[in-house]
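For reference, the structure discussed in these notes is given below.
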Amino acid sequence: MEREERNNFYRFITCSTEISTESVGYVFLDYLTRTSQTFEDFINNNFHTLYHLCYQRRCCQCSNVYLPIRRGILHESQLDILLDSYSSKSLCHKSGTGLPKFCCSKARSGVTVQSLDLTLMNCLIVNCCSGLFWESCFNGGTFENFLNQNKHDIYHLWMNNTTCCQCFSGYIYPCDREMISLSNWNFLFSAKGNPCSSHNIIPSSILCCCVSATPGITIFQIDQQVEIVLIRHLSFLKNP
């Protein structure tokens with residue numbers, strides 16, 4: 001029995017690493033093909049996201065309103081697989097500021113999907129391949145439809161742990177802290193309507209029941225951090 005259990009364990013390890021890694025790799029390569037990117041292009045196009053998966057400190061490419069919040073998902077040794085710290089830096093790089101060595105770096109020449117392990121590959125897909133998840137969210141519809149269908153949950157990504165007029169008995173809040181800001185909410189939902197009969201709260205413009213998605217809004221118009229939050233909490237492919 002011990003020998004059989006040991007063999008089963010080795011089979012499980014093989015399945016969860018070699019086979020899973022190969023399968024996820026095919027999904028990743030298909031995404032790169034459909035978006036007309038090489039893997040080096042992908043790394044360079046998503047540098048800012050990748051950098052802040054490791055570092056919380058603001059970098060040369062941060063806008064005035066950007067607030068890094070995703071520290072510690074990647075280790076520097078994993079960035080070293082993707083980025084060449086000795087490469088020519090982006091034009092916006094501010095040398096001599098004491099920033100980490102990978103600030104404004106370019107993709108490591110010759111890096112391939114096949115050089116990634118399952119953990120790193122999964123991290124890249126989850127945080128940088130939003131198109132894979134939006135396909136399942138839209139189900140043939142539009143981003144505007146998606147927002148209206150999920151308005152209540154999105155409202156509580158902003159107003160977390162605060163009961164609203166749309167909450168039903170047993171409703172579970174999608175998060176335990178504020179994940180999107182008031183300005184994010186107002187950008188997503190700007191079409192005004194009348195409040196429902198269940199409340200007397202003012203101002204009505206920020207209430208869940210009396211707004212709808214901004215007409216014609218698309219995923220290309222929203223902040224990347226907001227996009228990541230929406231997918232993480234509302235895509236069934238992300239839910240365990």
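Values below: every heavy atom of this structure, side chains too, minus hydrogens, waters and symmetry copies. Owing to the predicted nature of the structure, the values given are computational and were not obtained by experimental measurement.
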Quiz prompt | Single-linkage hydrophobic cluster, 4.5 Å side-chain cutoff, Tyr26 and Phe42 together | solution =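 No: no chain of side-chain contacts under 4.5 Å links Tyr26 to Phe42.
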Self-check item: Donor-acceptor side-chain pairing of Ser183 and Asn186 below 3.5 angstrom
Solution: no
Quiz prompt | Partners meeting side chain to side chain contact (heavy atoms under 4.5 Å, CB included) with Phe146 (sequence neighbours left out) | solution = Trp134, Cys137, Phe138, Phe143, Asn150, Leu234
Quiz item: Which residues pass the side chain to side chain contact (heavy atoms under 4.5 Å, CB included) test with Ala107, sequence neighbours left out?
Solution: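 Counting only residues at least two positions away or on another chain, Ala107 forms a side chain to side chain contact (heavy atoms under 4.5 Å, CB included) with Glu40, Ile43, Asn44.
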Can a donor-acceptor pair be found, under 3.5 Å and without considering hydrogens, that links the side chain of [X] to the backbone of [Y]?
| X | Y | value |
| --- | --- | --- |
| Asp80 | Ser77 | no |
| Thr35 | Leu32 | yes |
| His75 | Gln78 | no |
| Asn122 | Leu118 | no |

Does a side-chain heavy-atom distance below 4.5 Å link [X] with [Y]?
| X | Y | value |
| --- | --- | --- |
| Leu124 | Leu50 | yes |
| Phe189 | Ile154 | yes |
| Cys164 | His152 | yes |

Quiz item: Can you list the residues that meet the ring pair (Phe, Tyr, Trp, His ring centres under 6.0 Å) rule with Tyr31, with sequence neighbours excluded?
Solution: none
Practice problem: Taking ring pair (Phe, Tyr, Trp, His ring centres under 6.0 Å) as the test, write out the residues that go with Phe39, two or more places apart. | Solution: Phe28
Quiz item: So which residues get pulled into Tyr86's cluster when ILVMFWY side chains under 4.5 Å apart are joined, directly or through others?
Solution: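 When side chains under 4.5 Å apart are linked, Tyr86 ends up in no cluster with other residues.
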Quiz item: Other than Phe168, what residues sit in its cluster of Ile, Leu, Val, Met, Phe, Trp and Tyr side chains whose heavy atoms are under 4.5 Å apart, directly or through others?
Solution: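 Besides Phe168, the cluster holds Tyr171, Tyr173.
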